[in-house]
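Numbered from 1 within each chain, the chains take letters A, B, ... in sequence-line order. Note that the structure is predicted; figures quoted are calculated from it, not measured. Just the heavy atoms: all of them, side chains too, but no hydrogens, waters or symmetry mates, feed the values below.
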Amino acid sequence: MGMTITEKILANAAGKESVAPGDNIWVNADILLTHDVCGPGTVGVLRREFGEDAMPWDKNKVVIIPDHYIYTEDKMCHRNVAFMTKFAEEAELPYYYQPGTDNYKGVCHVALPQEGHVQPGKVIFGTDSHTCSHGAFGAFATGIGNTDAGFLMGTGKLLVKVPASKKFILNGKMPKHVMAKDIILEIIGTIGVDGATYQAMEFCGSTLEDMEMDERITICNMAIEAGGKNGIIAPDEITMKYVNERNIHNKEFTCFHSDEDASYESTYEFDIANLDPVVALPHSPDNKAYAKDCGDMKVDRAYIGSCTGGKIEDFIRAAELMEGHKVKIHTFLVPATREVEQLMKTTKLASGKTLVEVFEEAGCEKPAPPSCAACLGGPVDTYGRINNSDRCISTTNRNFIGRMGSKTGEVVLASPLTVAASALTGFITDPREFVK
Amino acid sequence: MSDIIKGKVFVVGDNIDTDQIIPANYLTLVPTVPEEYEELGSYALIGLPDSYDKYVKEGEMKTEYAIVIAGKNFGCGSSREHAPISLGAAGCKAVIAQSFARIFFRNCIATGELYPVETPDCITEKFTTGEEVTIDLASNTITKADGSVYDLRDMGDVKPVIDDGGIFEHARKTGMIAK
């Protein structure tokens, strides 16, 4: 019996010839990622359980990227970042991306691959549910809690149940008004928010053949919104190009691919060439509708940002759509990382204008410094946070009640193109009204 | 550890996500700091819509409801361990749900904060917030005051880990790691 890519990576990390869904195995981790929200609790568990002087099992495998609560006056947030800074000094961690310094990066799931920490075949655990993003590079990546992370930080190992895999075959060339966000919202809307609970979501098919990494990240990023343990896309030339350009730490790695006769719990096919732009209406990521059918739904603000929708490709597509038009509602732009922030200033559209210039002329708010910002609400002074009953159309990943800060606010999830089009009209708008 | 849990139930619906269990503005509290652990308890389920009763009364630190009864996919969303911890700190002993989201379920086991127990069918409509019930984790049943009984799924290997107080305590008791 063949194995899936997920099974092969886990078997390799456990030192086994083969594994099957349901097996409980101890795997060696390649990366433990944490941030300012869950880092202090993880270190708290490490020191409670392994002693006051306990240190990470391997300082080269712990990556700390504070990103959640950075630009705030909240003293507790500052305390937590200061705690992580002190820990990183004590543990002499080479990969601590400290806020307030030139080494600060921004949103961890975009920064981790940008800074050369993600390669195919790796096992990556992170104290954040969107750690599944890194499956876009052919790695096994999943979110864990502080206690598991504390155990992992002390030992380098974690007990994992091998997930069954669901296969999603994406067929056809993506139309220019469709983005990866539409694909994953279509999938979540089809299988439901618990449709892949405990399972691996493996994406394949001709649509992926010319899809760049930013877009692949978007697909794997939201596997958790269907309950998935991990999302994964097999590595190919596009993956290798990105990874080799970024592999500044000279990490060795192995590419795995699913066997022809691998076994899947179920298989789905999607006709992406004929997909319409998708939105998820309040208050659940599986509350699927098509933008073209929601034209009478007013929106009060637009938000482009987060690990899901704050990458450079997201801003390029939004800028292309907005160029020459004016927004009708408050439109917030939060680049995920420093690199994205810089690229917004230097990347030019065909007209010769930079993204920042296009957004400024369209009447958007000035781009905020990179962080998770209002994606998850956060402290009351968080940039872009909903503190009233506004309905926000957003490139982020969750539209739960209260997610962006206010229980009476509402969030509509959409692609950067649909968010940009909606910003121009003040209503949910199919990007085809502007993308010709 | 007794297998009997008695107490009042608090009934919620499907897909209760981690932002409803503990909204992000409370995540600045660090669960391993004892007084912040206690404070997290006072905010358990504070993100529910206002149509719900308060799980923890304003000004109180503990809940009067030892048991939460839910539909499917309880704890979906974030990996924040603050979610099971806030419930446990508030005095919740068990969440009885048709199904759980993966990370929440695992965090319950890892921390030993509460028993995440699945039901074969959705039982939320059989119960009303405030009623007294008895859970028996040996016979896998939940019993109402009127004597009606509903089945729970057996927790298998998960139960002894929570009995012992989480993975670290369990690993010590069973000799997997040094005391």
**OP:** Salt-bridge test for B:Arg106 and A:Asp148: reply yes if a basic N is under 4.0 Å from a carboxylate O, no otherwise.
**Re:** yes
**OP:** Using non-hydrogen atoms and a 4.5 Å limit, figure out which bit of A:Tyr69 sits close to chain B: side chain, backbone, both or neither.
**Re:** side chain
Original post:
Has B:Lys126 got more than 12 heavy atoms of other residues, nucleotides or ligands less than 6.0 Å from its NZ?
Top reply: no
Original post:
A:Phe50 and B:Phe168: aromatic ring centres closer than 6.0 Å?
Top reply: yes
**OP:** Considering only heavy atoms and a distance below 4.5 Å, find which of A:Ile224, A:Asn80, A:Ile401 pairs most often with chain B.
**Re:** A:Asn80
Subject >> Region of B:Phe100 in contact with chain A, defined by heavy-atom distances below 4.5 Å >> reply: backbone
Subject >> Inter-chain contacts: residues 45-52 of chain B against chain A, heavy atoms under 4.5 Å >> reply: B:Ile46, B:Gly47, B:Leu48, B:Pro49, B:Asp50
**OP:** Sequence neighbours left out, what passes side chain to side chain contact (heavy atoms under 4.5 Å, CB included) with A:Met76? Give chain and number order.
**Re:** A:Asp74, A:Arg79, B:Thr28, B:Leu29, B:Glu36
Subject >> Check against side-chain contact (heavy atoms from CB on, under 4.5 Å), B:Ile103 and A:Ser129 >> reply: CA-CA 8 Å; B:Ile103 309 179; A:Ser129 58; 4.1 Å; yes
Original post:
Between A:Val380, A:Asn146, A:Thr382, A:Thr197, which has the largest tally of heavy atom pairs under 4.5 Å with chain B?
Top reply: A:Asn146
**OP:** Please state whether the side chain, the backbone, both or neither of A:Arg403 comes within less than 4.5 Å of a heavy atom of chain B.
**Re:** both
Subject >> Residue among B:Gly77, B:Ala171, B:Ala110 with most heavy-atom pairs under 4.5 Å to chain A >> reply: B:Gly77
Subject >> When A:Arg47, A:His130, A:Lys407, A:Arg48 are compared by non-hydrogen pairs under 4.5 Å with chain B, the top option >> reply: A:Lys407
Original post:
What part of B:Leu27 gets closer than 4.5 Å to chain A, counting heavy atoms only: side chain, backbone, both or neither?
Top reply: both
**OP:** Let me know if B:Pro31 has heavy atoms under 4.5 Å from chain A in its side chain, its backbone, both or neither.
**Re:** side chain
